[in-house]
Amino acid sequence: MRFYEPLMDEKIERTRDLGAEMQGALKRGEFHLMFQPIFDLTGQRILSCETLLRWTNRRYGAISPAEFIPIAEENGLIVVIGDWVIREACRTASDWPKDVTVAVNLSPIQLRSANMPTVIMSALAASGLAADRLELEVTESVLLEDIDASLAALDAINRLDVRTTLDDFGTGYSSLSYLTKFPFQTLKIDRSFITDLEQSPASVAIVQTVIELAAKLGMQTVAEGVETQAQLEQLRRTRCDAVQGFLLAHPMPASMVMTMLAGKDVKALGRS
């Protein structure tokens with residue numbers, strides 16, 4: 001049994017309005033990118049930056065990605081918007097040092113889009129970015145929907161020499177099986193395990209096991225959601241390859257990334 005509340009209508013109306021506003025958002029220049037650096041274990045060298053999409057609408061102001069991404073997926077605009085994100089990310093990263101990569105998240109619809117390889121090649125060619133400096137991230141939920149199609153799409157991406165990352169590792173139902181089925185080069189350990197590192201020996205054991213397993217399979221590991229010095233120290237003991245989180249840097253515009261790459265103070269920039 002369910003009871004009606006006026007708030008239900010308000011949510012439906014807002015979703016409908018945002019969907020309509022999204023139709024012309026790209027042309028109006030309402031989307032922009034932010035970047036969150038990923039560091040080596042010393043916390044001093046940037047290895048990569050994760051690309052984060054932001055939307056500031058003319059009527060509603062800043063809209064959370066948690067709200068507008070599902071709407072974009074529902075109305076099919078995620079492919080067009082996602083293609084723009086890949087192009088912009090590659091263009092931005094082409095100005096970075098050659099040992100710094102850029103990571104872009106893919107939705108299920110994007111991953112299985114027939115023209116995805118073409119979009120990637122076009123973005124790389126236009127920007128001049130080397131293929132191995134682009135990393136495309138997918139979550140386990142993407143793989144659960146259509147394993148065969150996802151595997152074919154990932155294989156096609158890897159054949160372009162573009163790297164692939166399994167994001168939020170450890171939150172799905174069959175995590176370990178994906179490590180043998182899919183051609184990932186990097187595992188991102190879910191932040192839920194990192195949050196508990198200080199209080200839970202079990203989380204420490206899980207993180208250590210994942211890192212050791214990934215190393216044996218030739219994969220790199222990234223711990224996301226690092227927010228305390230104690231978490232960072234624990235990750236150093238586990239020999240994780242890289243770390244990402246508010247302790248080191250918040251999401252920031254491309255201009256600030258360039259300043260950081262020039263050697264300015266990490267924490268001051270990350271929290272500004």
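Computed from a predicted structure; not experimentally measured. Counting from 1, the numbers follow the sequence of the chain as shown. Hydrogens, waters and symmetry mates are skipped; everything else that's a heavy atom, side chains included, is used.
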TODO: Enter the distance from L18:CG to R59:CZ here, rounded to the nearest 0.5 Å.
DONE: 8.5 Å
Task: For T92, side-chain contact (heavy atoms from CB on, under 4.5 Å) partners two or more places apart - done: F35, W96, A254
- [ ] May I ask you to decide if A205's main-chain N or O and T209's side chain share a donor-acceptor pair within less than 3.5 Å?
- [x] yes
- [ ] Output yes when a side-chain donor or acceptor of E227 lies under 3.5 Å from a complementary backbone atom of L247, and no otherwise.
- [x] no
Open item on the list: Quick check on the hydrophobic clustering: are M219 and L41 connected, directly or via other members, by side-chain heavy-atom contacts under 4.5 Å?
Closed with: yes
TODO: Please collect all salt bridge (charged side-chain N to carboxylate O under 4.0 Å, His left out) contacts where either partner lies in residues 93-114, sequence neighbours excluded, each pair once.
DONE: R45-D99, R112-E145
- [ ] Look at the side-chain heavy atoms of Ile, Leu, Val, Met, Phe, Trp and Tyr, link any pair under 4.5 Å apart, and say whether V243 and I38 land in one connected group.
- [x] no
Task: Evaluation steps, side-chain contact (heavy atoms from CB on, under 4.5 Å), between L232 and Q229 - done: CA-CA 5 Å; L232 181 58; Q229 190 65 36; 3.9 Å; yes
TODO: Output all residues satisfying side-chain contact (heavy atoms from CB on, under 4.5 Å) with L160, sequence neighbours left out; order by chain, then residue number.
DONE: P117, I120, M121, V162
Task: Backbone of A249 reached by a side-chain donor or acceptor of Q36 within 3.5 Å - done: yes
Task: Hydrophobic cluster membership, F182 vs V210, 4.5 Å side-chain cutoff - done: yes
- [ ] Would you give the length of the straight line joining atom OG1 of T238 to atom CD1 of I211, rounded to the nearest 0.5 angstrom?
- [x] 3.5 Å
Open item on the list: Among M256, H250, M260, exactly one meets side-chain contact (heavy atoms from CB on, under 4.5 Å) together with P37. Which residue is that?
Closed with: M260
TODO: May I ask you to decide if D17's main-chain N or O and E21's side chain share a donor-acceptor pair within less than 3.5 Å?
DONE: no
Task: Atom of T164, atom of Q185 and distance for their closest heavy-atom approach - done: N-OE1, 2.7 Å
Task: Check: T165/D167 side-chain N/O donor and acceptor closer than 3.5 Å - done: no
Open item on the list: Please evaluate residues I157 and L106 with respect to the criterion side-chain contact (heavy atoms from CB on, under 4.5 Å), reporting the C-alpha separation (whole Å), side-chain torsions for both, the decisive distance (0.1 Å), and the verdict.
Closed with: CA-CA 12 Å; I157 291 172; L106 292 185; 4.2 Å; yes
Open item on the list: Quick check for you: to the nearest 0.5 Å, what is the distance between T221 atom OG1 and K188 atom NZ?
Closed with: 12.0 Å
TODO: Assess whether side-chain contact (heavy atoms from CB on, under 4.5 Å) is satisfied between F68 and L53, documenting all intermediate values.
DONE: CA-CA 10 Å; F68 75 75; L53 179 63; 3.7 Å; yes
Open item on the list: Between S122 (side chain only) and V119 (backbone N and O only), is there a donor and an acceptor less than 3.5 Å apart?
Closed with: no
TODO: Rounded to the nearest 0.5 Å, what's the gap from OG on S203 to CD on Q208? Could you check?
DONE: 13.0 Å
Task: Q110 versus N105, side-chain donor and acceptor atoms under 3.5 Å - done: no
- [ ] Taking all non-hydrogen atoms of both residues into account, name the closest pair between L111 and L154 and its distance.
- [x] CD1-CD2, 4.2 Å
Open item on the list: Surrounding CD of E74 (heavy atoms of other residues, nucleotides or ligands, distance under 6.0 Å), is the total greater than 12?
Closed with: no
Open item on the list: Nearest 0.5 angstrom please: E88 CD to H32 NE2, how far?
Closed with: 12.0 Å
Task: Side-chain donor/acceptor of R133 to backbone N/O of V102, under 3.5 Å - done: no
Task: Interatomic spacing from CD in E30 to CG in N57 - rounded to 0.5 Å - done: 4.5 Å
